[in-house]
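Take a look at the structure below.
Atoms within a ligand are numbered from 1 in the order they appear, just like the ligands themselves.
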Amino acid sequence: MAESIHEKLKSLRDQLHYHSYRYYVLDDPEISDAEYDRLFRELQALEAQHPELITPDSPTQRVGAKPAESFESYQHTLPMLSLDNALNEEEFLAFDARTKRSLETTSDIEYVCEPKLDGLAVELVYINGILMTGATRGDGFVGENVTQNIKTVKSIPLKLLSDKNVIPERLEVRGEVILGIKEFENLNRVREENGEPAFANPRNAAAGSLRQLDPKITASRPLDMFCYGLGQVTGLTFTTHWQFLQTCKALGLKVNPNIRKCTGIDQVLKYYRDITEVRDSLPYEIDGVVIKVNDFALQERLGVRSRSPRWAIAYKFPARQETTQILDIIAQVGRTGALTPVAVMKPVNIGGVEVSRATLHNQDEIDRKDVRVGDWVVVQRAGDVIPEVVQVIRSKRTGKEKKYKLPEKCPVCGSETVRPEGEAARRCVNFSCPAQLKERIFHFASKRAMDIDGLGSKLVDQLVEKGLVKNAADLYFLNKEQLACLERMAEKSADNLLEAIDASRHRSLDRLLFALGIRFVGEHVARVIVKAFGSLERIENATEEELTAVYEVGPQVAKSVVEFFSKQENREIIDRLRAGGVEIKEEVIEEAINLLDGKTIVFTGVLQTCTRREAQDLVEKLGGRASSSVSKKTDFVVIGENPGSKAEKARNLGVRVLTEDEFRQMVGL
Ligand code: IVH
């Protein structure tokens, strides 16, 4: 007998849960992204035909919810405590001594050591293996119910892995939601381009993202989570913290790979040193290590203070903030011509690295922080992030400090600079400005674009300054003699560079599109556009309407793409790339699944999340037909507020009636 719909749905969901776990938790996928997409769409299509069978833990429900008015509060079953800090070795040793004294022992204590993640603490509640609630820590007793947002975090399982595991009736698991450093930088770049204020650090960005009323915004931020603690658990017992963490792993929850069991202080101190060493290579920020007594019975005996347990301590890294003086403020010109104000400071050592420049982001930030030349300021360096000025120390002002305004003329080419309305950045209007050109070439050659190994900023500077490269395509016409006359360019390095340039002639089309440096076209958007249009020629000739018809391409992107290709100089660059031997590939267009193929849908009443016109357009985009009158041939009637007689008629004719919410779920919104 053919597989029942229920079985099919279950099998698809199980496969998707498993593969998403492989990808997001283990970072070890077994299938390609395209294969995953296919399974996902198959499930979406099946659920569209049977909306009544959609379950809250279905992988399609990660972004199902509509914006909330506000968050409900959530009372934690057990308080979410904070941690006491040790700021140096001595304070950590005192903690160990205190612990031994309380336990009346002289033997070494077994601890579990973990990185102290810099994000925000949340609690997840799984009932019989299904994620029911996600809440922020709040004041430790009452947090905010952010379930819909939590569900958008891909590494958080909607359902615990059940094979070979006992699924507890109730599992309250705690951990830190974080945003990686790269992801944080990307987010800020886009925000700055859109004229939105940048987040100060990954922690603020993670917190801001999780506390969005619209889960779609949260979904667009690549948040991650590591689990490190428990609340109330029924139906499963543990004797040690280590055992708890291993169980979390087996259940499909993400646990930090850098945890270690350590017996006695020497092993803990070694752990602290080891983590200090790898700190900067971690893709997320940590601000210390957390040391926890492993045995739950001993934890119980040690007990808790009002806000923090006696069985754990956060051993923090030295601060990465220092004070220094601003000697000057200069304007740096980026790829899109945006002027970034940079503070030139008295060199200062911050956590082992000498820093003499820090970004001030944009004019609004300077004004908001009231930063002036001559000011003493707090400067912060976080991981690989560009150092930034955090605040001014006003008590050190002498009155001689000078206010700063970004220049009206480009400091590099002297052209006019403008600040378009609604944008945060002032820009140099000259497309051929050498500073912009250098940045564009550097971007073109960068790892994630055309990946021309060895073409660093110093070399780009020389190539541009010597007039050898006036646009990216010129790279493909360079010869050995030209390279040989550059500084620090031995014969071997010239050969290597030419080889690297040659290798880049065969990159995929989405990389090339990204490499062109079109405003608002990041890696992801480039991929989306290439998938939808398949060839550069079709992209070049696409209209704004055709572009915005693609899911995930907004009007701003569409406008920017059309503008880019409408310029003669850009078309010439593409011709020249071709002439230089750059292979401009084609990609097979993925056939869009027409979720509503052949279906007739009638909308009635006032819709809450979009206009009727938008809803009808969407139906047509998905292969369906929007009609205004109900008949026996109608497949669905979607009712908004005050629906009137059409809903009645549909019911009488036996036509399926959907609420707006059900309709949105059906089409995967
Ligand atoms: S355990 C009672 N473990 O640090 C135990 N917390 O300063 C309390 N944090 O609110 C939490 N990494 O947001 C624990 N491995 C880790 C942690 C961690 C980061 C955060 C957490 C907590 C804060 C306390």
Problem set entry | Salt-bridge criterion met for Lys182 and Glu185 (N-O under 4.0 Å) | no
Problem set entry | Aromatic plane relationship, Tyr111 with Phe95 - under 30° parallel, 30 to 60° tilted, over 60° perpendicular | tilted
Seminar exercise, completed: Short version for Leu83: what comes under 4.0 Å of ligand 1, heavy atoms counted, is both
Exercise. In terms of residue, atom name and distance, what is the protein heavy atom nearest to atom 11 (C) of ligand 1?
Worked result: Tyr228 CE1, 3.9 Å
For this session: For ligand 1, note which part of Lys292 has a heavy atom under 4.0 Å away: side chain, backbone, both or neither.
Result: side chain
Exercise. Has Gly229 got any heavy atom lying under 4.0 angstrom from an atom of ligand 1?
Worked result: no
Exercise. For ligand 1, which atoms sit closer than 4.0 Å to a heavy atom of Leu81?
Worked result: 2 (C), 8 (C)
For this session: Please name the pair of heavy atoms, one in Gln267 and one in Cys262, separated by the smallest distance, quoted to 0.1 Å.
Result: OE1-CA, 3.3 Å
Exercise. By number and element, which atoms of ligand 1 are closer than 4.0 Å to a non-hydrogen atom of Pro115?
Worked result: 12 (N), 15 (N)
Problem set entry | Phe226 ring center within less than 6.0 Å of Tyr284 ring center | yes
Exercise. In this structure, are over 12 heavy atoms from other groups packed under 6.0 Å from Glu300 atom CD?
Worked result: no
Problem set entry | Contact (N/O only, under 3.5 Å) between Trp311 and ligand 1 | no
Exercise. Aromatic ring centroids of Phe514 and His443 under 6.0 Å?
Worked result: yes
For this session: Would you mind running through ligand 1 and noting each atom that sits below 4.0 Å from a heavy atom of Glu114?
Result: 3 (N), 15 (N), 16 (C)
Exercise. Starting from atom 20 (C) of ligand 1, which protein heavy atom do you reach first, and at what distance in Å?
Worked result: Glu176 OE1, 3.5 Å
Problem set entry | With Gln321, the side-chain contact (heavy atoms from CB on, under 4.5 Å) member among Val390, Ile350, Val379 | Val390
Exercise. For atom 12 (N) of ligand 1, what's the nearest protein heavy atom and its distance?
Worked result: Leu117 N, 3.0 Å
Exercise. Is the closest N or O pair between Pro309 and ligand 1 shorter than 3.5 Å?
Worked result: no
Exercise. Can you tell which part of Lys116 has a heavy atom less than 4.0 Å from ligand 1: side chain, backbone, both or neither?
Worked result: both
Exercise. Within 45 degrees of the axis of the six-membered ring of Phe199 and under 6.0 Å from its centre: does Arg191 put its NZ or CZ there?
Worked result: yes
